[in-house]
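Down below is the structure, laid out as structure tokens.
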Amino acid sequence: MKKNIRLLLIVGLIVAFVTGLTYFDSFMYHDPVVKIQKVTNLDKSTSTDEYKNTDTQVTQRVSGKLLNSNEKGKTISFKNSYYKSQLIDTKYTVGQQVILTKSGKSYTPKNVKRDTSIVFTLGLVVFLLYCMKFDRRKLFISILINIVIYYGYLQTIIKTHNSVLLPLTVITALLISAVALLVILGPTYPALMAYSSTVISTTVAVLLSSFVLGMSHYSSIHLELNDFELQPYLGVFLSQVIFSVLGVILDETMDISSSLIEMKREVSDVAEKTLFKSGINIGRELIGPLINILLFIVIAENLNVVLLYITNGNSIGYTMNMTLSLGITQLLISAIGIVLTVPVTSFIASKVITRRMK
């Protein structure tokens with residue numbers, strides 16, 4: 001117990017120390033960085049559109065001391081205009097550190113210096129992980145490897161101009177899930193069992209859903225409404241579906257498999273048929289929560305767009321059709337995968353566990 005407390009104390013101190021360093025690292029920046037010392041509101045105006053949406057524009061006079069560059073210590077000032085909605089602009093406050101752009105003798109704000117808050121957030125995650133008793137090294141290793149794989153995926157997409165987006169997404173999804181299982185579970189039968197269940201369930205769900213959508217000619221599915229109208233529409237949509245379905249199915253597969261493995265350890269002579277039925281029962285309890293979680297994610301991701309449509313005079317039906325059609329479609333495909341995963345995982349797990357885990 002004392003050893004764990006000592007370890008947590010060390011990790012906490014390291015996080016605090018590194019976070020503190022980032023607050024004083026302005027000398028590492030090429031662009032000028034200023035610490036805001038005074039903010040004065042110069043002007044304020046409110047505008048209202050035909051739909052009664054109101055917003056207020058505020059003009060600030062911001063002054064502060066430069067923290068780097070050849071003029072370190074010099075007090076400078078600049079004007080900043082922002083809307084209270086802060087959709088594409090920023091309100092500056094005293095104490096913030098802001099990255100600037102210099103043009104001649106004048107300065108304009110570029111962005112808020114956020115490395116301190118980012119490092120603190122990451123450090124907090126690490127600290128909380130150390131509070132849990134599990135092999136953190138495997139988690140960090142799997143995340144780092146998958147980040148490298150994802151980076152390679154993005155670089156290949158850029159070089160090929162999205163021409164191989166869909167096949168590359170399939171390959172990347174297979175690699176990411178394989179790395180996660182191999183690093184966390186090792187090259188074992190449970191890892192192979194979970195991987196095969198995940199791949200089979202995901203493949204069947206995506207193919208079945210694509211067949212149904214193709215039969216309906218994608219009626220009322222506005223693929224062109226993907227963010228920024230990124231092309232190819234269908235390839236981008238299916239790539240999003242593959243990653244989202246894969247994640248939830250991998251989670252469900254691990255839950256069912258680990259439960260059946262633990263059951264085998266507790267009751268060594270348990271029959272294959274009993275394991276299969278137990279897997280089905282466990283899966284039934286998971287289906288509802290997982291689908292609801294995905295529904296909440298869809299609602300959260302599209303809430304701002306839904307509100308934008310409604311507040312600008314659009315009907316509920318038109319708003320839902322134009323904003324939630326893709327999200328609901330992804331939810332339905334994921335739901336198909338979630339339901340299919342239960343019998344697939346239960347079947348594979350019951351076979352592997354009874355024959356390989358003596």
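Here the structure is a predicted model, which is why all the values come from computation and not from measurement. Basis for what follows: all heavy atoms, side chains included, without hydrogens, waters or symmetry-related copies.
Between the side chains of S77 and S63, no donor-acceptor pair is found at a separation under 3.5 Å.
Between N68 and M28, every side-chain heavy-atom pair lies at or beyond the 4.5 Å cut-off. Counting only heavy atoms from C-beta outward, the side chains of L275 and T354 approach each other to under 4.5 Å. For the pair Y153 and T169, the minimum side-chain heavy-atom distance is below 4.5 Å. With a 4.5 Å cut-off on side-chain heavy atoms, S106 and F78 do not count as touching. A 4.5 Å side-chain heavy-atom check between T108 and K79 finds every atom pair outside the cut-off. Looking at heavy atoms from C-beta onward, L290 lies in side-chain contact with D251 at the 4.5 angstrom threshold.
Put simply, L260 and V267 are part of the same group of oily side chains (I, L, V, M, F, W, Y) that touch within less than 4.5 Å, one to the next. Using a 4.5 Å cut-off between side-chain heavy atoms of Ile, Leu, Val, Met, Phe, Trp and Tyr, with links allowed through other members, L246 and L166 fall into different hydrophobic clusters. No path of Ile, Leu, Val, Met, Phe, Trp and Tyr side chains, each step under 4.5 Å between heavy atoms, connects V125 with V119, placing them in separate hydrophobic clusters. No continuous path of ILVMFWY side-chain contacts below 4.5 Å connects V183 to V148, so the two sit in separate hydrophobic clusters.
What you find for L175 and N146 is that their closest heavy atoms are O-OD1, 4.4 Å. Contact between P32 and K102 at its shortest, heavy atoms only, is CG-CB, 4.5 Å. Between T90 and Y82 the shortest heavy-atom distance is O-CB, 3.5 Å. For the residue pair M263 and S278, the shortest heavy atom distance occurs at CE-OG, 3.3 Å. Here the shortest heavy-atom pairing between M254 and A194 reads SD-CB, 3.9 Å. Taking all atoms of both residues into account, the shortest heavy-atom contact from P109 to L100 is CA-CD2, 3.8 Å.
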Quiz item: Could you go step by step and tell me if D89 and K84 meet the salt bridge (Lys or Arg N to Asp or Glu O under 4.0 Å) rule?
Solution: CA-CA 9 Å; D89 43 34; K84 285 192 174 181; over 6 Å; no

Exercise. In sequence, state the C-alpha distance, the side-chain angles, and the governing distance for Q97 and Y29, and then conclude on side chain to side chain contact (heavy atoms under 4.5 Å, CB included).
Key: CA-CA 12 Å; Q97 293 185 19; Y29 284 75; over 6 Å; no

Quiz item: Are Y107 and L66 close enough, and set up right, to give a side chain to side chain contact (heavy atoms under 4.5 Å, CB included), and what steps lead you there?
Solution: CA-CA 11 Å; Y107 293 89; L66 288 173; 3.6 Å; yes

Exercise. Given side chain to side chain contact (heavy atoms under 4.5 Å, CB included), test V199 with L174 step by step and report yes or no.
Key: CA-CA 8 Å; V199 171; L174 292 173; 3.8 Å; yes

Practice problem: Let me see the working for F27 and K72 under side chain to side chain contact (heavy atoms under 4.5 Å, CB included), right down to the final yes or no. | Solution: CA-CA 10 Å; F27 65 91; K72 179 180 178 180; over 6 Å; no

Quiz item: Could you go step by step and tell me if T22 and T116 meet the side chain to side chain donor-acceptor pair (under 3.5 Å) rule?
Solution: CA-CA 5 Å; T22 60; T116 301; 3.3 Å; yes

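Taking CG from L13 and CG from L8, the interatomic distance works out to 11.0 Å, rounded to the nearest 0.5 Å. With rounding to the nearest 0.5 angstrom, the CD1 atom of I99 is 12.5 Å from the NE2 atom of H30. A distance of 10.0 Å separates OG1 in T198 from CE in M193, rounded to the nearest 0.5 Å. A distance of 10.0 Å separates CD of E252 from OG of S197, quoted to the nearest 0.5 Å. Separating the CG atom in L303 from the CZ atom in F296 is a distance of 13.5 Å, to the nearest 0.5 Å. To the nearest 0.5 Å, atoms OG1 (T156) and CD1 (I171) are separated by 9.5 Å.
Residue E285 qualifies as open at atom CD: its count of foreign heavy atoms under 6.0 Å is 12 or below. Heavy atoms of other residues, nucleotides or ligands lying less than 6.0 angstrom from CG of N70 number 12 at most. At most 12 non-hydrogen atoms from other residues, nucleotides or ligands lie less than 6.0 angstrom from CZ of F347.
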For residues 36-46, tabulate all N or O donor-acceptor pairs below 3.5 Å that involve a side-chain atom, not counting sequence neighbours.
unit_1	atom_1	unit_2	atom_2	d
T46	OG1	T56	OG1	3.1

Ignoring hydrogens and angles, write down the donor-acceptor pairs under 3.5 Å from the side chains of residues 332-340, residues two or more places apart or on other chains.
unit_1	atom_1	unit_2	atom_2	d
S334	OG	Q330	O	2.9

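The aromatic rings of Y309 and Y318 sit tilted relative to each other, their planes meeting at an angle between 30° and 60°.
Salt bridge status for E71 with K105: absent, with no side-chain N to carboxylate O gap under 4.0 Å.
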